[in-house]
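Below: the structure, in structure tokens.
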Protein chains: 2
Amino acid sequence: MPDGELASFADFCKRQGLKITHQRLEIYREVLQMTGHPDAETVYERVREKIPVISLDTVYRTLRLFEEKGIIRKLGMQNDRARFDANITPHHHFICVKCGLIKDFYSKELNDYHPDNDVPDVADIQSVHIEIRGICQNCKNNHG
Amino acid sequence: MPDGELASFADFCKRQGLKITHQRLEIYREVLQMTGHPDAETVYERVREKIPVISLDTVYRTLRLFEEKGIIRKLGMQNDRARFDANITPHHHFICVKCGLIKDFYSKELNDYHPDNDVPDVADIQSVHIEIRGICQNCKNNHG
DNA sequence: CTTAATGCAAAACATTTGCAACAAC
DNA sequence: GTTGTTGCAAATGTTTTGCATTAAG
């Protein structure tokens, strides 16, 4: 479902060998509709208006499934634990999705970037932080 | 302690009215030393080699304290819950630190950014994601 | 009918908190 | 001595899992 159309959700499920359940349809419909980047609990509350007997863990399971299949995205850190950094100078992070390495980097180019033109509703900017995900040299060399 | 020197840690504590305990000293020393962006558990294991009787919740409490005082930084999402996004086209986020609003934005300028020059150890890039933190217009208008 | 998905309750996990004992000042 | 900090254990909050029941194909 690369284009996010609800109509092709059924086709997508068939292609992936997934059953099209009432719960999955409503969960996907809600996440599509909610532009506010909801958490699982919020999705649960909204879907419950349509399917009162749905359980919270079905919402969790379904969101995880959708994320694995690439039709929705999970924001923030992938792992559950918080990580800390004693480097408090402005810098950015490269994260290797294979080994979990986090590497600091700096960028003259990005320091000159002024987001004001791109973000209309912003009043004051406190920080601009880039997160690059990919594969590090080490992982690429070791296993393809 | 803006410059991250261990020597001035004592001064910093005095200025902030914090007691300089054995635990705080060792926790700060470890986080300074570990460039790999450790989680609380990892810091705990390392500090335990110096102070075997230290408890995990002291590590949590101390890291939280350090973060509040601005001498270390917590990576990733500030809130505990995962959030989901059905918009899977490449885009970036502005996050209001007051009301928690997350707003998508796009940038022609950023799409042209090639991080290769800045990040030496990267082999393949999967995504470049910017997270801007600040105050939104609405929050600024409503309460100073 | 067969297989996968759901709901329930319980578990697992990271993180926080109340409180008495303790250490820093 | 006074006050803030620690360690312990228990609580919290989010997310996951085992299993019997149910619904989809």
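Computation of the quantities below employed the complete heavy-atom set of this structure, encompassing side-chain atoms and omitting hydrogens, waters and symmetry-equivalent molecules. Residue numbers start from 1 in every chain, and the chains themselves are labelled A, B, ... in the order their sequence lines are given, proteins ahead of strands. A quick note: this is a predicted structure, and the numbers were derived from the prediction, not measured.
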Rounded distance (Å) that lies between atom [atom2] of [N] and atom [atom1] of [X]:
{"X": "B/Ile51", "N": "D/dT6", "atom1": "CD1", "atom2": "C1'", "result": "11 Å"}
{"X": "A/Asp80", "N": "D/dG13", "atom1": "CG", "atom2": "P", "result": "19 Å"}
{"X": "A/Leu63", "N": "D/dT15", "atom1": "CG", "atom2": "P", "result": "10 Å"}
{"X": "B/Leu56", "N": "D/dA11", "atom1": "CG", "atom2": "P", "result": "18 Å"}
{"X": "A/His22", "N": "D/dT22", "atom1": "NE2", "atom2": "C1'", "result": "15 Å"}
{"X": "A/Gln16", "N": "D/dA24", "atom1": "CD", "atom2": "C1'", "result": "17 Å"}
{"X": "A/Arg64", "N": "D/dT14", "atom1": "CZ", "atom2": "P", "result": "17 Å"}
{"X": "A/Glu67", "N": "D/dT15", "atom1": "CD", "atom2": "C1'", "result": "13 Å"}

Scan [X] against the nucleic acid and name what it touches under 4.0 Å (heavy atoms): base, sugar-phosphate only, or nothing.
{"X": "A/Asp39", "value": "nothing"}
{"X": "B/Arg61", "value": "base"}
{"X": "B/Glu41", "value": "nothing"}

Between A/Asp57 and A/Arg61, is there a salt bridge with N-O shorter than 4.0 Å?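 Salt bridge flag = yes for A/Asp57 with A/Arg61.
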
Strictly below 4.0 Å, N to O, side chains only: are A/Arg48 and A/Glu45 in salt-bridge contact? no

Once you round to the nearest 0.5 Å, how far does OG1 of A/Thr21 lie from CD of A/Glu26? 10.0 Å

Parallel under 30°, tilted from 30 to 60°, perpendicular over 60°: which one fits the rings of A/His129 and A/His93? perpendicular

Residues, nucleotides or ligands: over 12 heavy atoms within 6.0 Å of A/Lys50 NZ: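 For A/Lys50, atom NZ is crowded (more than 12 foreign heavy atoms under 6.0 Å).
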
Nucleotide range of DNA chain C lying under 4.0 Å from chain B heavy atoms: C/dA14 to C/dC25

On DNA chain C, nearest-nucleotide positions of A/Lys19 versus B/Asp57: which is more 5'? A/Lys19

Between A/Val53 and A/Arg81, name the one whose nearest nucleotide on DNA chain C is closer to the 5' end.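 With A/Val53 and A/Arg81 compared, the 5'-side residue is A/Val53.
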
Write down the atom of B/Lys140, the atom of A/Ala123, and the distance for their closest heavy-atom approach.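 Reported closest heavy-atom pair: CD-CB, 3.6 Å.
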
Any [X] side-chain N or O less than 4.0 Å from OP1/OP2 of [N]:
{"X": "B/Ser55", "N": "D/dT6", "value": "no"}
{"X": "B/Thr21", "N": "D/dT6", "value": "yes"}
{"X": "A/Tyr60", "N": "D/dT15", "value": "yes"}

Minimum-distance nucleotide (side-chain atoms of A/Ile20 versus D/dT5, D/dG25, D/dG7): D/dG25

Output, in order, the C-alpha distance, side-chain angles, deciding distance and verdict of ring-ring contact (aromatic ring centres under 6.0 Å, His included) for A/Phe12 and A/Phe66. CA-CA 11 Å; A/Phe12 170 78; A/Phe66 286 172; 7.8 Å; no

